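Report on the following structure.
Note that the structure is a prediction, hence the values are computed from the model and not measured. Per chain, numbering begins at 1; letters A, B, ... match sequence-line order.
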Protein chains: 2
Amino acid sequence: MPAPAPTRERLVTEAMRLFSAKGYEATSVSQIEAAAGLAAGSGALYHHFKSKEALLDAGIDRQLDRRRAMRDIRALFAGLGDLRAELTILGRYLLNVVDEERQLLQIAARTEAGRSARLHAACAALIDGLNAELADWIGAWAPAMAPSQRAALAAVGVNGLTGTRFTATLLHQAEPAIADDRYLAEWTALLAARIEQHGGS
Amino acid sequence: MPAPAPTRERLVTEAMRLFSAKGYEATSVSQIEAAAGLAAGSGALYHHFKSKEALLDAGIDRQLDRRRAMRDIRALFAGLGDLRAELTILGRYLLNVVDEERQLLQIAARTEAGRSARLHAACAALIDGLNAELADWIGAWAPAMAPSQRAALAAVGVNGLTGTRFTATLLHQAEPAIADDRYLAEWTALLAARIEQHGGS
DNA sequence: GTCTATACTAAGATAGAC
DNA sequence: GTCTATCTTAGTATAGAC
């Protein structure tokens, strides 16, 4: 049987879950304590974190650590030499990254704009990274495409992936209205048609 | 000079603005009163609305009234006979609808899932309507396309538009990283390439 | 209709017993 | 490390003067 996670870990886990469901401000310390198996309102949380905000920071840092651990996985599946095969895998990979970061994105979405600079920076770096990965790949297959057009195409592509998760969250859909396979297949066909048309040389 | 809006109107306007910025639960009645020019914490709001939730409902209803007033504008620009010309206008129209409803979408995004059934219903109807409009248009230009594929293509298209606003909100961008014209042009080219390829017959 | 004042509850955070 | 108890502030909402 797995050793129970230490209290500090449980607090971070439950806090991030509650923050993503209700937003930072709308989540009380009592609720976090209760979710972590401590007495609600006991203030036991403050033996592990200086404040509620320090707890959010710890959660963001944990997510950033996970992100660093995932880095360089991308290099594993490059260079199949076939446009649609590569794009299929790239789309699946990008959507997977969005899912890994979904909790963080939801917290940012449910929390006031200037509330946490760290939160904002973590999300901005994520979105920028997704756009850069897709833009780079497009650049390799359509070298003649102007950089500004490449950026716009990458943005539409990335928004097509992030948007489906945003919408699902917004509408409280446990699972997307359209199955991921179906959606990704259409996403791939859409971008492939445009790239072949343009950079097909 | 314009007559100052009545207090009740100002309360709804400011409440919706604050709800969209901070979320429903994170916005206090005092803040709404202050924003509407009343004494913070005076409780003057309760002479106009039974409760904070009744105020949110009034704001949702006002948005639904506006939505009804916008209906049937779509019919004005149909039937240009040119795929790319029609798609350009349709994309501009759909993005405009998203902007009109942006405040409502943001409130839903920043507010806990089961908090308001009315809010959820208003957003679901909006997203469904956008998808249906694009799917119908695709169906007219690519009759041979399977319904499930048409739905998937429409979903990618709509997510490409909603996603750009979601992302801008998430990253606190006053204006999008890519100009709307540039973005819409690429969005149009992307979908047009796919539709021509498929239903071009 | 708007104010002051207030009731009541819950928030974030701390002190000290065990 | 976790608890009970408590401090202080802020929340929703109401009562009553003007």
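- Put simply, CZ on B:Arg8 is 17 Å from C1' on C:dT2, counting in whole angstrom units.
- Judged purely by atom type and a 3.5 angstrom limit, A:Gln103 has no side-chain atom pairing as donor or acceptor with the backbone of A:Ser20.
- When distances run from any side-chain atom of A:His48 to the nucleotides D:dT12, D:dG1, C:dC3, the shortest one goes to D:dG1.
- The side chain of B:Ser51 contributes no N or O atom lying less than 4.0 Å from OP1 or OP2 of D:dT12.
- Listed by residue number, there are no residues of residues 18-37 of chain A with a heavy-atom contact under 4.0 Å to DNA chain D.
- Other residues, nucleotides and ligands place more than 12 heavy atoms under 6.0 Å from the CG atom of A:Asp65.
- When rounded to the nearest whole Å, the span between CD of B:Glu53 and P of D:dG11 equals 18 Å.
- For B:Tyr46, the side-chain atoms get nearest to D:dA13 when compared with the rest of D:dA13, D:dT2, C:dT2.
- Taking the nucleotide of DNA chain D with the nearest heavy atom to each of A:His47 and A:Gly41, the more 5' of the two is matched to A:His47.
- The number of heavy atoms from other shown groups lying within 6.0 Å of CZ (A:Arg92) does not exceed 12.
- Note on A:Asp180 versus A:Arg165: salt bridge recorded, some NZ/NE/NH1/NH2 to OD/OE distance being below 4.0 Å.
- Residues B:Glu9 and B:Arg62 are paired through a salt bridge, judged by an N-O separation under 4.0 Å between the basic side chain and the carboxylate.
- Regarding B:Lys50, its NZ atom lies at a distance of 14 Å from the C1' atom of D:dT14, rounded to whole Å.
- Of the candidates D:dT2, C:dC3, C:dG12, C:dG12 carries the atom nearest the A:Lys52 side chain, counting heavy atoms from C-beta on.
- Under a 4.0 Å N-O distance rule, the pair B:Glu25/A:Lys22 does not qualify as a salt bridge.
- Checked options A:Arg118, A:Arg67, A:Arg66, A:Arg68; the residue passing with A:Asp61 is A:Arg118 (criterion: salt bridge (Lys or Arg N to Asp or Glu O under 4.0 Å)).
- Here the P atom of nucleotide C:dA11 and the CG atom of A:Leu45 are 13 Å apart, to the nearest Å.
- A close approach under 4.0 Å does not occur between any side-chain nitrogen or oxygen of A:Ser42 and OP1 or OP2 of D:dT4.
- In this entry the distance linking CZ of B:Phe49 with P of D:dT12 reads 15 Å, nearest Å.
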